[in-house]
Amino acid sequence: MARVPILGDISGVLDEGLEGLEHNFVTARIEDLVKWSRARSCWPATFGLACCAIEMMATGAAHYDLARYGMEVFRASPRQADLMIVAGRVSQKMAPVLRQIYDQMMEPKWVISMGVCASSGGMFNNYAIVQGVDQVVPVDIYAPGCPPGPETLMHAILTLHDKILTGELTSRREQTGAGAGFDLADFPAPEPPAPEPEEAP
Amino acid sequence: MSETDVATEAHEDAPVASTALFGQAVLYPDRGAYLATVESLRDEGYCTATDLTVVDYLTHPGRSGLPGGVQPERFEVVVGLFDHARRERVRLRIQVPADDPTVPSLFDLFPGTEAMEREAWDLFGVSFEGHPDHSRILLPEDWVGHPLRKDEGIGAIPVQFKSASDRR
Amino acid sequence: MAAVRLDLGDDERVRRRDGSAVLRMTEVEAADLVLDPSDPVTGERADERMILNMGPAHPSTHGVLRLLLEMEGETVLRSKPIIGYLHTGMEKTGENLTFLQGPTNVTRMDYASPLFSELVFALATEQLLGIEVPERATWIRMLMCELNRVASHLLFQATNGMDLGAVSMMIYGWREREEVLRFFEKVTGLRMNHNYIRPGGVAADLSDGWQDDVRHLLDIIPPRLDEYEVLLNDQPIFRARLQGVGVLAPAEALALSATGPILRATGYDWDLRRDEPYLAYDRVDFDVVVGTCGDAFDRFAVRLEEIRQSLHIVEQILDLLPDGDYRTQDKKVTPPPRARIDESMEALIHHFKIFTEGFHVPEGEVYAAVESPRGELGCYLVSDGGPKPYRMHIRGPSFANLQTLPHLMHGRLVADAVAVISSVDPIMGEVDR
Ligand code: SF4
């Protein structure tokens, strides 16, 4: 009897085709599977800046329980994170740091701008605050509010999940040259080797 | 300013003008007598410096609160001292002219003013002679200007409607 | 009053310009030190000495604090906190908002205890205006502020536990804080940044049935504090990481202008609520919690006990809160009631004037201070007679307290640095303003 991990006993396959499998399985396009897995474990980077960060932490804590969406693992290292939640006002001094952290994150990556300060400068339209984090990094979702309550943040996150599920898989690849980053055009097919000169008989 | 009662208090050798406003004692030493006044206050029992900041009086319409004999200048360094044993606060207001905005540093008397003096330098450009680390604290090190001066604008930029590019 | 006698000699440690615990150099100079660690005289490479950068995006620096640490192996020699990554220009913005709008601005400074910033701004404005606040408003302010202190210290317990590896503390602390926030949301409409305490009183009366909500809080929080004690106080690893770490003497704390739990943990008995009573603190009974040796454990324990004391005050307020107005009836600062606006044109104009132009505040300058969960929170207001402050300066306790960091970390391991930062409990919004 042939047993295969996950699928179990597959000996019936020869007689009954797919019906002969012990367990059911799904078929899908690889693109859908990739999107699904991206959306279901979208790890945020800890990027708390100001008041909004407190609400972001509250969202991750017991009562609102971000773990339901596979997101409770706030990663301190940007290289392990898929999502940057810019929670709070971005000062002129912080902007270069923010950009550096964004650049350190691996593609695919997303950005949620949490709170009015991150989205537009909010009530602080002055010399010190960057008027909208979208001047520094590309933003996918804006969460309104000052501070956005945990419900609003979760709504933003679910909207982002939708966006990941319906969006184009390689949305930024051509723009940034990132991702796998190759284009076949960049690798011209090798010249066929010159035919060996025939030896004179 | 009906509550202001102007008196002159003898401090060491130089007399220092003082007022009491809302029950808060205020002294007005001039720049030369600043360190000596703070030192004698410390020896009197004012054990901690709670606050140090600067006010830029460039656009203030009237300076009616000042007692006689105090020459108003553009900048004013405001220092708060607290005597815990007697539970008394005193505030010092030191007039600093715009063409020479320097005052001696309080670091040797109250090391806790170190960060506050750096902040005052950063935001107002008043420098503190003898400060151990005279540098910007809140703004980036390469920032030009001192944003809380009254002749610097708030620096607001008009917010236009921003739409996300439809590529993403 | 002071439990510890001050010896004016023992603050010499914090007074030194060179060779002290503070790394007094610019980032560029520090970078040069990294590039060339060799000894300038002997040319010998001192490989053990290096500059380590920590932050500003570091999970245990409580926001956007950045530290430059000069290390010898694992030991921290000198260090420099670099702040300003959250500098919001609030003092400048405050000059462009009316006195009525002011609390909206200052409440965003210390976002763990927003009501205190509103309170100190309102107290300063009221002194300039020379108005009396109704009794009920005063007591409501006290109730809300003490509950806010509870929420803020619970937040500290959560983050302090997390920084030291007790991650479950993180969950517990937030769970209790959430209960308090729910009450705040009911009364003020917001979970944080309430803009509830305004010059002249508070924005709205307490919600119906507030007594039950507060009693509910009084019922559930104390037993959970006992749980924390079992979890943390009785936990040898937790104690080992805190006890004897980051010791500060009272004279040093005073010299560095440190206030609040940091000062009290050194054994120095000082609390503005008792020693310079504002609101109605002289009419309630509470203890000022002091530590014994000023280490990180004392700072933790002082804050834990202060939660109990605050709840004790809240309990008394339940009985003592008088009836009456929740804001002053002075026509100058308070708009007419909603019903009158529908009837009378004058009332409408009056309402419109207050909310567009604001009320004029007599010329003068004033300093008001309250005891926030982090120490003395002060507000220095200068008015030129107009509807906007001429200058608004907030003395943030975290800003001054942060100066103790290099002295607390000096000579300790880098792992202790995390415990020390956490025990100082800086809120960067208030440090950078
Ligand atoms: S949006 Fe509001 S809550 Fe968020 S950082 Fe800005 S001021 Fe704070």
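Residue numbers start from 1 in every chain, and the chains themselves are labelled A, B, ... in the order their sequence lines are given, proteins ahead of strands.
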Between the side chain of B:His146 and the main-chain N/O of B:Asp122, is any donor-acceptor distance below 3.5 Å?
yes

Side chain, backbone, both or neither: which part of C:Val366 has an atom under 4.5 Å from a heavy atom of chain B?
both

Against chain B, label C:Ser383 side chain, backbone, both or neither, depending on which of its atoms sit under 4.5 Å from a heavy atom there.
backbone

Measure C:Asp384 against the heavy atoms of chain B and call it side chain, backbone, both or neither at under 4.5 Å.
both

Non-hydrogen atoms of chain B under 4.5 Å away: do they reach the side chain of C:Gln127, the backbone, both or neither?
both

Which portion of B:Arg136 sits near chain C, non-hydrogen atoms under 4.5 angstrom:
neither

Proximity breakdown for B:Phe82 and chain C, heavy-atom pairs closer than 4.5 Å:
side chain

Quick one: which of B:Asp51, B:Val26, B:Thr48 has the most heavy-atom pairs under 4.5 Å with chain C, could you say?
B:Asp51

If you draw a 6.0 Å radius around CD in B:Glu141, do more than 12 non-hydrogen atoms from other residues or ligands fall strictly inside?
yes

With a 3.5 Å distance limit and no angle check, can you tell me whether C:Arg391 reaches the backbone of B:Val54 through a side-chain donor-acceptor pair?
yes

Check for me whether the distance between the ring centres of B:His60 and B:Tyr57 falls short of 6.0 Å.
yes

Which portion of B:Val78 sits near chain C, non-hydrogen atoms under 4.5 angstrom:
side chain

So what's closer than 4.5 Å to chain C heavy atoms on B:Arg149: side chain, backbone, both or neither?
backbone

Is chain B contacted by the side chain of C:Leu128, its backbone, both, or neither, given a heavy-atom distance below 4.5 Å?
both

How long is the straight-line distance from CH2 of C:Trp270 back to CG of C:Asp275, given to the nearest 0.5 Å?
4.5 Å

If you count heavy-atom pairs within less than 4.5 Å of chain C, which of B:Ser135, B:Ala49, B:Pro140, B:Gly80 leads?
B:Ala49

Would you call C:Arg273 and C:Glu371 a salt bridge, using N to O less than 4.0 angstrom?
no

Chain B contact via C:Leu272 - side chain, backbone, both or neither, heavy atoms under 4.5 Å
side chain

Side chain to side chain, B:Asp133 and C:Lys80, heavy atoms closer than 4.5 Å:
yes

Could you check whether C:Arg108 and C:Thr88, counting side-chain N and O atoms only, form a donor-acceptor pair closer than 3.5 Å?
no

For chain B, find which of C:His87, C:Lys92, C:Arg433 contributes the most heavy-atom pairs closer than 4.5 angstrom.
C:Lys92

Under a 4.5 Å heavy-atom cutoff, which of B:Thr113, B:Leu123, B:Asp56 has the most pairs with chain C?
B:Asp56

Atom pair CE (C:Met90) and CG (C:Leu97), whose distance is rounded to the nearest 0.5 Å
10.5 Å

Say whether C:Tyr367 and B:Arg91, considering side chains only, have a donor N or O and an acceptor N or O under 3.5 Å apart.
no

Toward chain C, the part of B:Leu148 with a non-hydrogen atom under 4.5 Å:
both

